[in-house]
There are 2 protein chains.
Amino acid sequence: MGVADREAGSRGARPRRADARRNRERLVEQAKVAFAEFGVEASLDEIARRAGVASGTLYRHFPSRLDLVEAVLAEQIGELVELGRGLLADEDEFGALVTWLRAAVAHALSYRGLAAAVMNSALGRGEELVAGWHAEIFDVGGALLARGRASGVIVSGADDADVLRMVGAIAWAAQDAPDRSAQADRLLGLLVDGLRRGGSQ
Amino acid sequence: MGVADREAGSRGARPRRADARRNRERLVEQAKVAFAEFGVEASLDEIARRAGVASGTLYRHFPSRLDLVEAVLAEQIGELVELGRGLLADEDEFGALVTWLRAAVAHALSYRGLAAAVMNSALGRGEELVAGWHAEIFDVGGALLARGRASGVIVSGADDADVLRMVGAIAWAAQDAPDRSAQADRLLGLLVDGLRRGGSQ
DNA sequence: ACCTGAACACCGTTCAAGT
DNA sequence: ACCTGAACACCGTTCAAGT
């Protein structure tokens, strides 16, 4: 209650009219540029202006800012999921998990404010961590963690949702550092040390 | 460059005129109420309105939102620092650190958005993690960590600034959870497991 | 079916005019 | 020395009117 303000209907559908399709593409294109420059909190008005459409048109295509973010990240998310699925076949269960976690952090770092946007939308009512459009990421991450536990290289106490929440938190904490990539790596190191079974150092 | 937009002059000074002092107190009082209700991003205009002053008066007393946050948290920060100093005498080096980290997270959770506000201001240019008004917290946390390393209960690889940054990240990640206190505890557990020397579980 | 752009409500911040 | 409140710039969001 109160959380589901977004309609599920025509959320990302490809419009039928040619001009509408072109507008949609231009909006996504300019959103990418604006997100890269100002982060995902970039002005929607300016994105519409740069795309050469009125603000109402942006809202017609993307009812909420998150819908626009989703469109911008579509392929990227697919790649992260595929990477994870591939890593499930890696014989080094611990290394595979770490590699994927590193990629997940890099994903969350792709635009400033992204971790916050995902996290805010992710906190659905109740226990669920991840919103619909990030559910695949959650699944893959959970699978890698489960495999690590099953093979004994990962501690059994760590909850999947907590670990992924931590990944988001790490990206958030590193996003404005001058050396954000190295910063994120160090923080991820702290997390990974806690996940490893059998003693640190 | 570009970061130091704030003046250091009369930042939190007690005004000499009686009405000004009263205004300042009312502003802090109403800021507390508004922060508790809407988080530290609460409307400054409304805080001024509730305090019965014009917006310009708020800006005169508190040039930036962070100055107002600082005033609201003044005593709280003092308590956290004192707690840490007391814990430096505790014979259980590891337990003392964990107790303090837990209190630090609770502090950062006292208002929604606080972790973000502190973190944003904290990222001064260069390497420094913590802004002036949180320097004491940094000092105490560093002392507790150093003691833990010296006595061999804490791993030597973890940087002080990274650990404290992680504390902020944990508070941020837990702040909107329905069970934010329990959520923060679980995330802190992951961090602490990585800090403990000599094997997890 | 889709687009336009004015309209509305709500921000933070500044500053001339007052006392 | 301090306060007021209008003014400015910039938001997100809606919706009647168009094509």
Side-chain angles (χ1 to χ4, degrees), chain A residues 2 4-7 9-31 34-35 37-69 71 112-113 116-117 120-121, chain B residues 2 4-7 9-31 34-35 37-69 71 112-113 116-117 120-121:
Chain A
D5 288 34
R6 295 162 56 205
E7 301 171 17
S10 59
R11 205 175 44 191
R14 294 229 145 199
R16 284 208 283 289
R17 251 169 58 175
D19 58 340
R21 263 206 312 275
R22 229 181 38 221
N23 282 341
R24 210 197 101 103
E25 279 163 24
R26 281 183 186 168
L27 282 166
V28 172
E29 187 185 343
Q30 291 306 316
F35 288 176
E37 192 170 356
F38 305 105
V40 297
E41 296 298 332
S43 162
L44 295 179
D45 228 56
E46 176 137 334
I47 291 172
R49 221 181 39 98
R50 289 193 194 186
V53 302
S55 53
T57 301
L58 188 152
Y59 281 93
R60 163 167 272 266
H61 287 289
F62 307 102
S64 87
R65 161 171 257 122
L66 227 43
D67 294 318
L68 186 54
V69 173
R112 194 159 20 99
N120 276 349
S121 84
Chain B
D5 287 35
R6 294 161 56 205
E7 300 170 21
S10 59
R11 205 173 45 192
R14 295 229 145 200
R16 283 206 286 287
R17 249 169 60 175
D19 57 340
R21 262 205 313 273
R22 227 183 38 222
N23 282 341
R24 210 196 99 103
E25 280 163 23
R26 281 184 186 166
L27 281 166
V28 173
E29 188 185 344
Q30 292 305 316
F35 287 175
E37 192 171 355
F38 305 106
V40 296
E41 296 298 333
S43 162
L44 296 178
D45 227 56
E46 176 139 333
I47 290 172
R49 221 181 38 97
R50 289 193 194 185
V53 302
S55 53
T57 301
L58 188 151
Y59 281 93
R60 164 167 270 267
H61 287 289
F62 307 101
S64 87
R65 161 171 256 122
L66 228 41
D67 294 319
L68 186 55
V69 173
R112 195 159 19 101
N120 276 348
S121 83

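Basis for what follows: all heavy atoms, side chains included, without hydrogens, waters or symmetry-related copies. Below, chains carry the letters A, B, ... as their sequence lines are ordered, and counting in each starts from 1.
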Self-check item: Side-chain heavy-atom pair A:Arg65, A:Glu41 within 4.5 angstrom cut-off
Solution: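 Yes, at least one pair of side-chain atoms sits under 4.5 Å.
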Exercise. Applying side chain to side chain donor-acceptor pair (under 3.5 Å), name anything that partners B:Glu46, two or more places apart in sequence or on another chain.
Key: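 Residues passing side chain to side chain donor-acceptor pair (under 3.5 Å) with B:Glu46: B:Arg50.
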Self-check item: side chain to side chain donor-acceptor pair (under 3.5 Å) partners for B:Asp45, two or more places apart
Solution: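 None.
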Self-check item: For A:Tyr59, all residues meeting side-chain contact (heavy atoms from CB on, under 4.5 Å), sequence neighbours excluded
Solution: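 Checked A:Tyr59 against side-chain contact (heavy atoms from CB on, under 4.5 Å); matches are A:Leu44.
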Quiz item: Which of residues 38-50 of chain A have a heavy atom under 4.0 Å from DNA chain D?
Solution: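 Those residues whose heavy atoms fall under 4.0 Å from DNA chain D, taken from residues 38-50 of chain A in numerical order, are A:Ala42, A:Ser43, A:Leu44, A:Asp45.
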What are the two closest heavy atoms between [X] and [Y], and how far apart are they?
{"X": "B:Val28", "Y": "B:Ala71", "answer": "CG2-CB, 4.0 Å"}
{"X": "B:Leu27", "Y": "B:Ala48", "answer": "CD2-CA, 4.0 Å"}
{"X": "A:His61", "Y": "A:Ala20", "answer": "CE1-O, 3.4 Å"}
{"X": "B:Phe35", "Y": "B:Ile47", "answer": "CE2-CD1, 3.9 Å"}
{"X": "B:Arg24", "Y": "B:Phe62", "answer": "NH1-CE2, 3.5 Å"}

Quiz item: Which nucleotide of DNA chain C is the first, and which the last, in the 5' to 3' direction, to come under 4.0 Å of a heavy atom belonging to chain A?
Solution: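 So the outermost contacting nucleotides come out as C:dA1 to C:dA6.
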Quiz item: So which one's nearest nucleotide on DNA chain C is more toward 5', A:Gly56 or B:Gly56?
Solution: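 Counting from the 5' end, the first nearest nucleotide belongs to A:Gly56.
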Quiz item: Is a side-chain donor or acceptor of B:Arg14 paired with a backbone partner of B:Arg21 at a separation under 3.5 angstrom?
Solution: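 Not confirmed, B:Arg14 side chain does not pair with B:Arg21 backbone.
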Practice problem: For DNA chain D, write out the stems as range with range, using runs of 3 or more consecutive Watson-Crick or G-U pairs with both distances under 3.5 Å. | Solution: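 Counting only runs of 3 or more consecutive pairs, the stems involving DNA chain D are C:4-8 with D:12-16, C:12-16 with D:4-8.
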Quiz item: Between B:Ser55 and B:Asp19, which has a closest nucleotide on DNA chain D that is more 5'?
Solution: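 Here B:Asp19 is the residue nearer the 5' end.
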